[in-house]
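Reading through the structure tokens given below for one structure.
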Amino acid sequence: HRSAPPSSPMPEPAASTSTARFGTFAGVFTPNVLTILGIILFLRTGWVVGQAGLWGALLIIGIANAISFLTGLSLSSIATSMDVRAGGNYFLISRSLGLEIGGAIGIPLYLSQAISVAFYVIGFVEAMEAVPMLAAFDAQVFATAVALGFVAIAYVGADFALKIQFGILAVLVAALLSFFAGGWGTIEAPATTGVGGVSFWVVFAVFFPAVTGIEVGISLSGDLKDPSRSIPRGTIASIAVTSVIYVAAAVWFATHFTPEELVSNTAAMSELAAVPLLILAGVAASTLSSALGSVLAAPRTLQAVASDRVVPRWMASQMGS
């Protein structure tokens with residue numbers, strides 16, 4: 001009997017030297033940090049401290065970052081054991097567990113990334129209502145204009161988008177410096193117990209999405225010069241840096257406000273900051289950076305899924321750079 005011919009290998013996305021242009025800092029670290037330091041840092045970290053107390057908040061931050069760190073180690077292990085191409089999480093899953101499981105995850109992953117842009121845009125528009133000049137605009141028209149702006153950014157390409165991210169990173173750094181520069185003359189002993197209005201795990205569930213932004217840098221795997229090196233280094237470094245920032249923010253909140261004040265006042269960070277306007281700019285930057293990360297990730301996920309013919313191949317066509 002003749003032996004059956006070997007099955008054809010799974011199609012691999014074509015590697016393009018013209019797109020492999022980003023290093024660890026621009027392609028992995030910066031997108032991850034901008035997504036992790038999101039709206040929860042500015043509007044919910046104080047609430048977490050108020051509900052759980054300082055020790056409870058530090059425990060929540062520790063558990064969440066431990067989960068994120070273990071996930072980062074798993075991603076790093078997979079990324080260093082294969083030739084990583086375009087597709088990010090979808091590529092790693094489909095090449096590790098098979099195309100069937102990868103396709104079942106890749107399509108919902110793309111939809112979640114694409115739809116999340118709308119939520120981030122809505123959050124940005126609501127945050128901008130605090131600015132009298134912008135509050136005069138109709139919210140739906142304003143949100144549509146911002147969404148169309150992201151369409152233009154996606155069309156121009158990742159080079160332009162990552163340049164914008166450096167500007168957003170500068171705004172976030174300025175907002176954090178303003179926050180930690182305020183309140184040096186009013187430091188008090190922190191309250192170790194919180195209000196306790198909700199359970200520990202409910203507070204944990206509110207905070208945990210803050211540390212799930214590490215997938216954004218992985219989604220740019222097809223644009224990295226050396227994915228197997230950049231993904232582990234950028235992912236672990238972003239987790240380490242942002243965990244320190246969240247711990248410092250929790251301590252700073254606890255030493256300046258009572259738990260009752262933190263639970264009832266979402267503007268506590270602005271009141272404590274040396275330059276309150278920078279906190280508003282940070283809130284806007286955090287929502288825009290998260291939306292920008294999704295804008296960069298979603299089309300690359302769809303392109304990889306289409307290249308594997310899980311969805312029609314024409315969806316893999318590339319219009320922008």
Side-chain angles (χ1 to χ4, degrees), residues 19 21-43 86-90 109-128 134 142-176 209-224 230-231 234-235 237-238 241-242 245 278 280-304 318-321:
T19 60
R21 55 197 183 274
F22 302 128
T24 302
F25 183 78
V28 182
F29 178 81
T30 300
N32 283 354
V33 167
L34 290 180
T35 306
I36 295 172
L37 299 181
I39 198 71
I40 292 177
L41 171 65
F42 292 94
L43 299 183
N89 288 327
Y90 164 75
L109 176 61
Y110 160 72
L111 292 175
S112 67
Q113 291 169 339
I115 295 173
S116 65
V117 177
F119 290 99
Y120 293 131
V121 169
I122 292 172
F124 170 75
V125 172
E126 290 186 356
M128 290 300 97
L134 297 177
F142 189 20
T144 302
V146 174
L148 291 176
F150 280 115
V151 171
I153 292 172
Y155 182 81
V156 172
D159 283 316
F160 180 62
L162 289 181
K163 289 178 182 177
I164 294 176
Q165 286 203 330
F166 288 134
I168 294 175
L169 179 62
V171 173
L172 282 176
V173 170
L176 289 173
V211 302
T212 60
I214 60 174
E215 67 176 39
V216 176
I218 303 167
S219 300
L220 300 176
S221 58
D223 299 274
L224 300 176
S230 293
I231 290 175
T235 301
S238 63
V241 170
T242 54
I245 292 174
L278 285 177
L280 179 61
V283 172
S286 66
T287 53
L288 289 179
S289 64
S290 298
L292 195 58
S294 296
V295 166
L296 290 173
R300 283 159 176 76
T301 301
L302 179 62
Q303 186 179 39
Q318 186 168 342
M319 298 178 64
S321 58

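All figures in this text were calculated on a predicted structure; none of them were measured in a lab.
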Please tabulate, one pair per line, all N/O donor-acceptor pairs under 3.5 Å involving side-chain atoms of residues 25-34, not counting sequence neighbours.
| residue | atom | partner | partner atom | Å |
| --- | --- | --- | --- | --- |
| Thr30 | OG1 | Phe25 | O | 2.8 |
| Asn32 | OD1 | Gly217 | N | 2.8 |
| Asn32 | ND2 | Val28 | O | 3.4 |
| Asn32 | ND2 | Ser238 | OG | 3.4 |

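- Counting heavy-atom neighbours within 6.0 Å of Phe160 CZ, excluding the residue itself, gives a total of 12 or less.
- In this structure Val121 satisfies the side chain to side chain contact (heavy atoms under 4.5 Å, CB included) test together with Val117, Val125, Ala143, Val146, Phe150, sequence neighbours excluded.
- The shortest heavy-atom contact between Pro209 and Thr212 is O-OG1, 2.8 Å.
- Here the CG atom belonging to Leu224 is positioned 6.0 Å from the CD1 atom belonging to Ile231, to the nearest 0.5 angstrom.
- Between the CG atom of Leu169 and the CD1 atom of Ile164 there is a distance of 13.5 Å, given to the nearest 0.5 Å.
- Qualifying side-chain hydrogen bond (donor to acceptor under 3.5 Å, both in side chains) partners for Tyr120, counting only residues two or more places apart in sequence or in other chains: none.
- Distance check: Ile245 CD1 to Leu37 CG gives 4.5 Å after rounding to the nearest 0.5 Å.
- Not counting sequence neighbours, Ala170 has no partner by the side chain to side chain contact (heavy atoms under 4.5 Å, CB included) test.
- Other residues, nucleotides and ligands contribute at most 12 non-hydrogen atoms within 6.0 Å of the CZ atom of Phe119.
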(message) For a side chain to side chain contact (heavy atoms under 4.5 Å, CB included) check, start with the C-alpha distance between Leu41 and Leu176, then their side-chain angles and the critical distance, and finish with the verdict.
(response) CA-CA 10 Å; Leu41 171 65; Leu176 289 173; 3.8 Å; yes
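- If you take CD1 on Ile153 and NZ on Lys163, they are separated by 13.0 Å, rounding to the nearest 0.5 Å.
- Applying the side-chain hydrogen bond (donor to acceptor under 3.5 Å, both in side chains) test to residues at least two apart or on different chains, the pairs with a partner in residues 285-299 are Ser116-Ser294.
- For Leu280, the side chain to side chain contact (heavy atoms under 4.5 Å, CB included) partners at least two apart in sequence or on another chain are Met128, Ala130, Val131, Leu277.
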